[in-house]
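Take a look at the structure set out below.
Not measured: the values here are computed from a predicted model. Residue numbers start from 1 in every chain, and the chains themselves are labelled A, B, ... in the order their sequence lines are given, proteins ahead of strands.
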Amino acid sequence: MLEKFQELNISEEIIRALNDMGFEEPTPIQAESIPVALAGKDMIGQAQTGTGKTAAYGIPVLEKIMAAPATKDIQTVILSPTRELAVQVAEEINHLAQHTSIQALPIYGGQDMERQLRRLRKCPQIIVATPGRLIDHMKRGTIQLSHISTIVLDEADEMLNMGFIDDIKLIMGATPETRQTLLFSATMPKPIQELAENFLHDPQIIRMKAKEVTMELIEQSYIEVPDRQKFDILCRLLDLQEPDLAIIFVRTKRRVDEVSEALKKRGYSAEGIHGDLTQAKRDTVIRQFRERTIDILVATDVAARGLDISGVTHVFNYDLPQDPESYVHRVGRTGRAGQTGEATTFVIPREMEHLRTIERLIKRSIKRRKAPTLSEALEGAQQAAIRNLIVTTEEADFAMYKSNAEELLSNFDSVSLVAAAIKLLTKEPDTTPVKITEEAPLRVSRSRRREGGRKDHRSGDRREGGRREFRPRRKDHEGDSRRSQRNEGSRDRRHENGDKNRKKVHKEPNRSVFKPYFKD
DNA sequence: AAAAAAT
């Protein structure tokens, strides 16, 4: 079954590991990348996560280390944008390396330094690091990159979005000129191209076509719903769809806390994860979710990328994501490894335009769906009760109840009895009150605004008819029009003598370079 | 305007 891997000239130790891991044949990105990377060439791989990317660079990296003379130096550095991803990548590489003596060690912030140093003393050949902590080690002299032979930049576009560009340059600068560089990125914006030009030697570019990478097996829909109703609708959907594992993405850390608390209050097995939690807590939550101790994960975009958790059947965008890119990554947490998945996005009415922007950029329309009504939810709960009843009946493990049942049947008709049983088993939707703070709606995305010309977009927004009602409601509605007239006046005055303010506004960094681009 | 990452 593994011939195709064998044809790629992979050593027997790794073939055995692939067999243990249940891999049968190379994914497209693996088939293309492995020979190139094995030949020692620099490479740019444009691929989303979930395409077998880790093994695509992990296998050649391991082969190269096995072929090289043994030393105590670190041989390979893999850079990762988030801590969770670093842990996951190190684990996967250790799986691939299980029949060799090669060790991969994750190096990331928030973890006990002493413990990390102890593990470093065991001379791992591969480290998988987040940039900040790696630089910390470099400055302390506890990690030297002067002898590495390979560096991998994983999720390069995301590291860039997170402002790691200077860190990456610093790290690259500390590595030898002779190193091999493998760069992976879902998108190829300008700064990544520049990075590649500066640091890669004659790279081979491998691009996966969009349709090979994404989301054919994911049923995508959206529901237009006011913010206040989101939570109840979410609970109804959870009850109706009964996900095995679900991830709920929200826009802020605060909402992670509130939504996960609220879910727990209503009896769901949920935990939240975001960047302000201690690293120990983050690690625990991810582990619980992987082990299915909890079945709902409420997360910010910290969990949007790269995390590969098998069996996620449902993704909910409780809040619309800011970037179309983020939408793709969030939704891609389900439908992995050939499984089907369902992705439901909540859109508040005034964010509909934002949704259209996302649809345009992902070149795909998202199906509109109605929120389940209360009576549908009740019907769903009844169906669940019936399924329960049928399962119990089929298990036929109730001999001790039978004499009572017979007696009941001599006094009541059978239909009434079964109906009563269904009624008792039906779990009425929980309406425990919960508090979730309302978020300000998203504004139309940057790219959209730029279309209208940059200089005037502020005043342009004000003139637009519908725009005014987008502002938060004040208590005195009548004063509204008069107030806006007054504002007009004060704005003019600012224009005359407040040049400094205006300049500041226009000096905001031009983020157009981060605009994701999706090619077909 | 938010999130991520070094303490």
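- Between the CZ atom of A/R350 and the P atom of B/dA1 there is a distance of 16 Å, given to the nearest Å.
- Per the geometry, CD belonging to A/E158 stands 18 Å off P belonging to B/dA2, to the nearest Å.
- Computed from coordinates, the A/Q111 CD to B/dA5 P distance equals 13 Å when rounded to whole Å.
- One interatomic measurement links the two molecules: NE2 of A/H354 to P of B/dA1, which rounds to 15 Å at whole-angstrom precision.
- Rounded to whole Å, the distance from CG on A/D323 to C1' on B/dA4 is 13 Å.
- Annotation: A/H147, atom NE2; neighbour count of heavy atoms from other residues, nucleotides and ligands within 6.0 Å does not exceed 12.
- The side chain of A/K253 lies closest to B/dA3 when the candidates are B/dA1, B/dA6, B/dA3.
- Remark: A/R255 is not in phosphate contact with B/dA2, judged by side-chain N or O atoms under 4.0 Å from OP1 or OP2.
- Here the C1' atom of nucleotide B/dA6 and the CZ atom of A/R282 are 13 Å apart, to the nearest Å.
- Salt-bridge formation is detected for the pair A/K367/A/E219: a Lys NZ or Arg NE/NH1/NH2 atom is positioned less than 4.0 Å from an Asp or Glu carboxylate oxygen.
- Among the nucleotides B/dA4, B/dA5, B/dA2, the one closest to the side chain of A/T252 is B/dA2.
- In this structure, A/T82 does not reach the B/dA5 phosphate: none of its side-chain N or O atoms is under 4.0 Å from OP1 or OP2.
- Among the atoms of the strands shown, none is found under 4.0 Å from any heavy atom of A/R140.
- A salt bridge does not link A/R228 to A/E438: none of the charged nitrogens lies less than 4.0 Å from a carboxylate oxygen.
- Between A/R83 and A/I107, the closest side-chain pair of non-hydrogen atoms is not below 4.5 Å.
- At a threshold of 4.0 angstrom between heavy atoms, the contacts of A/G163 with the nucleic acid are absent.
- Between A/R133 and B/dA4 there is no side-chain polar atom (N or O) within less than 4.0 angstrom of OP1 or OP2.
- Between the CG atom of A/D166 and the P atom of B/dA6 there is a distance of 15 Å, rounded to whole Å.
- Here B/dA3 presents its C1' atom at 15 Å from CD of A/E155, a figure rounded to the nearest Å.
- For the pair A/R254 and A/E439, the salt-bridge criterion is not met [side-chain N within less than 4.0 Å of a carboxylate O].
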